[in-house]
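Step one of this worksheet: look at the structure below.
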Amino acid sequence: MSRAVSWRWQVALRVITAIAGGYALTALASSTLAVLALALGMTRVDAALAGMLASFACYCAIIVWSFGAATLARLWGALAAATALLWVVRAVASALA
């Protein structure tokens, strides 16, 4: 019985992580890509459009990967590492733009 509860909690936590964590990371990735595009000389409209279009693929990949990760700890660690990396890239790109 406890194994079924554990399995259900694993699935529930993966769903929550995929939806909430995926959305947060996708929003950060989208805005980072837009800032990078601005730093490379794109117009504001094209940079925003590039960020928005990339967000669809990014969110889909995060959702799929959320259910493919071996453990929840690895999933959360990778999302945290990706978030930290994107914050650094965005800070550098903002300084250049």
Query raised in the report: For R90, what residues pass the side chain to side chain donor-acceptor pair (under 3.5 Å) criterion, not counting sequence neighbours?
Result: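 By the side chain to side chain donor-acceptor pair (under 3.5 Å) rule, R90 matches S31.
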
Query raised in the report: Taking only residues two or more places apart in sequence or in another chain, which ones pass side chain to side chain donor-acceptor pair (under 3.5 Å) with T71?
Result: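 Side chain to side chain donor-acceptor pair (under 3.5 Å) list for T71, sorted by chain: empty.
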
Query raised in the report: Mind checking what makes side chain to side chain contact (heavy atoms under 4.5 Å, CB included) contact with A69, not counting sequence neighbours?
Result: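 Once residues adjacent in sequence are excluded, the partners of A69 under the side chain to side chain contact (heavy atoms under 4.5 Å, CB included) criterion are R14, W65, L75.
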
Pair up each side-chain donor or acceptor in residues 35-47 with any protein partner under 3.5 Å, not counting sequence neighbours, and list the distances.
from : atom 1 : to  : atom 2 : distance (Å)
T43  : OG1    : D46 : N      : 3.4
T43  : OG1    : D46 : OD2    : 3.1

Tell me which donor-acceptor pairs under 3.5 Å the side chains of residues 78-86 have, and how far apart each pair is, sequence neighbours excluded?
from : atom 1 : to  : atom 2 : distance (Å)
T83  : OG1    : L79 : O      : 2.7

Let me have the donor-acceptor pairs involving side chains of residues 15-30, under 3.5 Å, with sequence neighbours excluded, atom names and distances please.
from : atom 1 : to  : atom 2 : distance (Å)
T17  : OG1    : L13 : O      : 2.7
T17  : OG1    : W76 : NE1    : 2.8
T26  : OG1    : G22 : O      : 2.6
S30  : OG     : G51 : O      : 3.0

Query raised in the report: Can you hop from I62 to W87 via hydrophobic side chains spaced under 4.5 Å?
Result: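 Yes; tracing contacts between hydrophobic side chains, which count when under 4.5 Å, links both residues.
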
